[in-house]
Amino acid sequence: MKILVAISKAPDTTSKISFTDGDTKFNEAGVQFIVNPYDEWYALVRALELKEANGGSVTTITVGGADADPIIRKALAIGADNAVRVDATPSDAYFVASQISEYAKDKEYDLVMTGKETIDYNGSQVGGLVAGMLDLPYLPNISKLDVAGTTATAEREIQGGEEVLETQLPLVLSASKGMAEQRIPNMRGIMAARAKKLEVIPAASGEALTEIIDYSLPPAKSAVKLIDPENAADLIELLHSEAKVI
Amino acid sequence: MSVLVLAGTAENKVLKSAFEAVSYGAKIASDAGTDLHVIAFGGASSEDLMGLGTYGANAIFVEKSINNTQPFQMANAMTEIAGKVGATIIVVSYDETGKAVAPIVSAKMKAGLVAGVVDFADVSNGVIVKKSVFSGKAFARVKFNSEVAIIGLTPNSVGAKEMAGSPEVKDANTTMGDARITLKETKKEDLGGQVPLPEAELVVSAGRGLKGPENWGMIEELASILGATTACSRPVSDLDWRPHHEHVGQTGLAIRPNLYIAIGISGAIQHLAGVNASKVIVVINTDPEAPFFKAADYGIVGDAFEVVPKLIEAAKAFKANN
Ligand SMILES: Cc1cc2nc3c(=O)[nH]c(=O)nc-3n(C[C@H](O)[C@H](O)[C@H](O)COP(=O)(O)OP(=O)(O)OC[C@H]3O[C@@H](n4cnc5c(N)ncnc54)[C@H](O)[C@@H]3O)c2cc1C
Ligand SMILES: Nc1ncnc2c1ncn2[C@@H]1O[C@H](COP(=O)(O)O)[C@@H](O)[C@H]1O
């Protein structure tokens with residue numbers, strides 16, 4: 001099986017979020033960057049499991065600058081065979097998806113996997129865009145994936161339950177929680193990653209269809225109103241008469 | 001120029017989020033002085049669909065033979081109808097179905113898509129929307145540079161407002177293309193009669209502070225008296241104390257109820273990411289330093305095993321009088 005996994009760089013979930021340049025840029029000072037959790041824990045690890053079971057290869061692709069190389073090295077340390085970085089600023093999801101599709105279109109991947117969303121931009125769209133651009137079946141938000149021959153069986157969480165879906169390879173899917181267990185790279189993996197190939201390619205033509213004007217933080221929450229545990233019952237009355245939610 | 005709204009359905013019923021999406025589209029159409037069209041898939045009854053008229057829907061196109069498991073067919077049909085009615089703005093509720101379909105429509109029409117939109121669009125000069133970023137920790141204003149703009153609206157962000165429409169249900173009659181995905185099985189969670197979490201207005205949630213699954217009786221009782229849905233933190237579902245569909249947070253469901261009561265949950269940033277858009281947050285925790293209190297509107301520093309029984313009594317008394 002030939003698998004392509006889209007890997008993106010995201011600020012660690014505990015990062016303090018602030019902006020610079022008149023609130024038009026994310027302030028990266030002091031921020032630790034990680035592999036977007038859905039890409040790493042779920043998409044990449046399941047891709048590696050499928051390769052281990054069926055043979056084949058796992059390539060990662062990232063659209064970004066050289067600042068993304070450390071997280072790409074981590075993906076290689078976890079076990080990807082080789083990596084590609086499209087050297088361009090990931091300006092919007094359409095642009096990113098155009099680059100991934102352009103790279104993948106003539107390489108006959110059986111599976112193209114993305115995370116269900118990035119934890120910074122929260123788009124949940126690159127997977128579907130790539131499927132649309134490559135005209136391949138799309139399995140969104142998948143929590144379990146099995147492949148037998150050319151048939152893929154997948155579980156998807158829907159409101160109030162789960163669906164079991166079946167389709168034929170090649171396909172595109174986005175991975176959510178449940179698909180695999182996180183793998184911690186070991187020393188051998190980290191050493192091996194240094195020797196693996198990280199190919200940097202120029203961006204294909206493509207355009208962004210949306211543009212961020214500026215950012216803002218939510219208004220500061222007013223201080224919590226504390227209720228004495230002895231008078232816990234008062235809470236119900238406050239929720240009714242003051243907060244008006246019950 | 002016109003506005004096209006996808007009205008989500010599931011199990012032959014129009015979803016609550018569909019009324020909100022239609023109402024959102026109706027506001028844009030009236031701000032921009034254009035027409036509003038609606039498209040729906042699956043077997044919802046005409047009466048049910050006509051209900052969208054109360055929120056401003058006029059022409060409602062229905063493609064009965066396509067269901068939510070076929071994002072490509074839905075996207076094909078939407079692209080075709082969008083072309084037919086000359087839609088320049090498409091509104092989709094960004095729930096499981098919206099996330100599956102809208103990106104494919106975006107690719108097919110080369111239309112920009114902004115997902116996670118939480119406020120009304122500014123259509124006075126181009127289209128500008130406000131979306132949530134960094135898992136709810138900030139917002140971004142985003143401008144569309146494409147001819148057609150697709151707005152992925154976060155459910156429960158603006159609510160549905162009534163506006164008179166004169167709905168007419170029509171057969172969409174599109175060339176939908178092949179079904180490439182087969183639905184093998186649907187597994188239903190037993191929600192015990194509760195409103196599903198994404199639609200719930202009141203939520204009672206509990207975390208590891210409750211010590212074990214045997215202690216959830218009081219959580220369920222409080223929820224049931226208030227008419228609320230139960231939720232939990234991630235470790236609680238990982239430990240199988242509670243079913244996975246109750247898990248809220250960054251890796252679970254993101255919800256925006258009117259009331260979120262968090263009992264024995266510390267308020268880690270990844271948990272807050274899924275609940276910080278709730279209108280009113282109540283925190284009950286033994287530890288006055290628990291980070292959740294910073295995000296709370298009301299707090300009780302106390303032991304859940306003493307506080308919750310008192311709340312149950314108070315809620316019973318309140319319900320008896322209201
Ligand atoms: C990438 C990533 C993603 C994650 N995604 C999620 C997610 O989606 N959702 C999520 O919830 N977590 C998520 N987590 C985990 C998160 O960081 C926390 O570990 C988790 O939310 C803690 O759950 P908790 O508050 O139930 O437990 P704890 O942190 O153990 O907190 C228990 C709380 O209960 C209080 N307590 C104890 N006894 C009592 C009592 N008798 N009465 C009242 N209070 C009491 C304690 O003071 C404490 O504050 C994620 C973590 C990572 C790294
Ligand atoms: N710059 C990028 N490079 C490679 N893959 C990306 C990039 N941005 C997003 N992706 C992939 O697309 C998924 C969904 O991203 P998004 O649509 O932005 O929420 C991510 O989980 C990644 O797998």
Side-chain angles (χ1 to χ4, degrees), chain A residues 11 13-14 17 37 92-94 97 119-129 131-133 137-141 153 157-168 177 208-218 221 224-227 229 232-233 235-240 243 245-246, chain B residues 10 69 71-72 96 99-100 103-104 106-108 112-116 132-135 137-146 180-189 191 196 198 226 250-251 258-259 269-270 279-280 282 293 295-302 306-307 310-311 314-315 318:
Chain A
T13 48
T14 55
I17 305 299
D92 88 336
Y94 189 92
I119 61 171
D120 49 1
Y121 190 71
N122 307 117
S124 291
Q125 43 182 303
V126 169
L129 280 162
M133 290 170 183
Y138 180 44
L139 297 176
N141 208 11
T153 310
E157 278 181 36
I158 51 165
Q159 187 164 317
E162 269 154 22
E163 281 174 354
V164 182
L165 302 170
E166 194 180 280
T167 190
Q168 297 299 310
K177 185 190 131 179
L209 303 180
T210 62
E211 178 189 338
I212 293 181
I213 305 173
D214 56 18
Y215 295 96
S216 60
L217 293 170
K221 197 110 189 171
V224 53
K225 187 165 194 167
L226 286 179
I227 296 153
L235 174 70
I236 300 294
E237 186 49 37
L238 285 169
L239 290 177
H240 174 64
V245 286
I246 59 171
Chain B
T69 53
F72 256 94
E96 286 327 326
K99 288 176 189 173
I104 303 177
S106 165
K108 284 189 178 298
L113 163 62
V114 178
S132 155
V133 287
F134 298 102
S135 304
K137 286 187 265 181
F139 301 104
R141 279 198 308 152
V142 189
K143 186 172 123 216
F144 287 91
N145 291 328
S146 51
R180 300 199 239 180
I181 296 170
T182 319
L183 174 64
K184 291 306 234 190
E185 191 188 339
T186 306
K187 301 177 184 171
K188 295 258 78 192
E189 305 287 358
L191 298 179
L226 293 174
Q250 178 153 8
T251 39
N258 286 335
L259 173 65
I269 193 94
Q270 299 91 355
K279 291 196 185 70
V280 173
V282 174
F293 283 115
D297 299 281
Y298 296 93
I300 301 180
V301 178
E306 286 161 24
V307 171
K310 285 187 189 157
L311 292 180
F318 170 78

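Residue numbers start from 1 in every chain, and the chains themselves are labelled A, B, ... in the order their sequence lines are given, proteins ahead of strands. Computation of the quantities below employed the complete heavy-atom set of this structure, encompassing side-chain atoms and omitting hydrogens, waters and symmetry-equivalent molecules.
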Where on [X] is there a heavy atom nearer than 4.5 Å to chain A: the side chain, the backbone, both, or neither?
X: B:L191; result: side chain
X: B:V280; result: side chain
X: B:Q270; result: side chain
X: B:I104; result: both
X: B:F72; result: side chain
X: B:A296; result: both
X: B:L113; result: both

Could you check which of [options] has the highest count of heavy-atom pairs closer than 4.5 Å to chain B?
options: A:G132, A:G127, A:S124, A:P140; value: A:S124
options: A:L129, A:L235, A:T14, A:V126; value: A:L129
options: A:V245, A:L239, A:T153; value: A:V245

Do you know which of [options] has the most heavy-atom pairs under 4.5 Å to chain A?
options: B:Q250, B:K279, B:R141; value: B:R141
options: B:L226, B:N258, B:D297, B:I269; value: B:D297
options: B:K188, B:K143, B:K310; value: B:K143
options: B:P71, B:S132, B:A140; value: B:A140
options: B:P198, B:A10, B:G116; value: B:P198
options: B:A100, B:G299, B:A115; value: B:G299

B:I300 CD1 to A:I227 CD1 distance, which is reported to the nearest 0.5 Å: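 Here the rounded value is 5.0 Å.
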
Atom pair CD/CD of A:E157 and B:E96 - distance to nearest 0.5 Å: 8.0 Å

Which heavy atom in [X] sits nearest to a heavy atom in [Y], and how many Å separate them?
X: B:V307; Y: A:P229; answer: CG2-CB, 4.2 Å
X: A:I236; Y: B:F318; answer: CG2-CB, 3.7 Å
X: A:L217; Y: B:K137; answer: CD2-O, 3.6 Å
X: A:Y138; Y: B:K99; answer: CE2-O, 4.3 Å
X: B:A138; Y: A:P218; answer: CA-CD, 4.1 Å
X: B:K184; Y: A:E166; answer: CE-OE1, 2.9 Å

Under 4.5 Å from any heavy atom of chain B, what part of [X] do you find: side chain, backbone, both or neither?
X: A:E211; value: both
X: A:N141; value: side chain
X: A:L238; value: both
X: A:I246; value: both
X: A:A93; value: neither
X: A:P37; value: neither

Minimum side-chain heavy-atom gap A:L165-B:L183 below 4.5 Å: yes

Identified side-chain contact (heavy atoms from CB on, under 4.5 Å) counterpart of B:V114 within the set A:L209, A:D92, A:T210, A:I212: A:T210

Test item: A:D120 side-chain N/O and B:V133 main-chain N/O as donor-acceptor pair under 3.5 Å: no

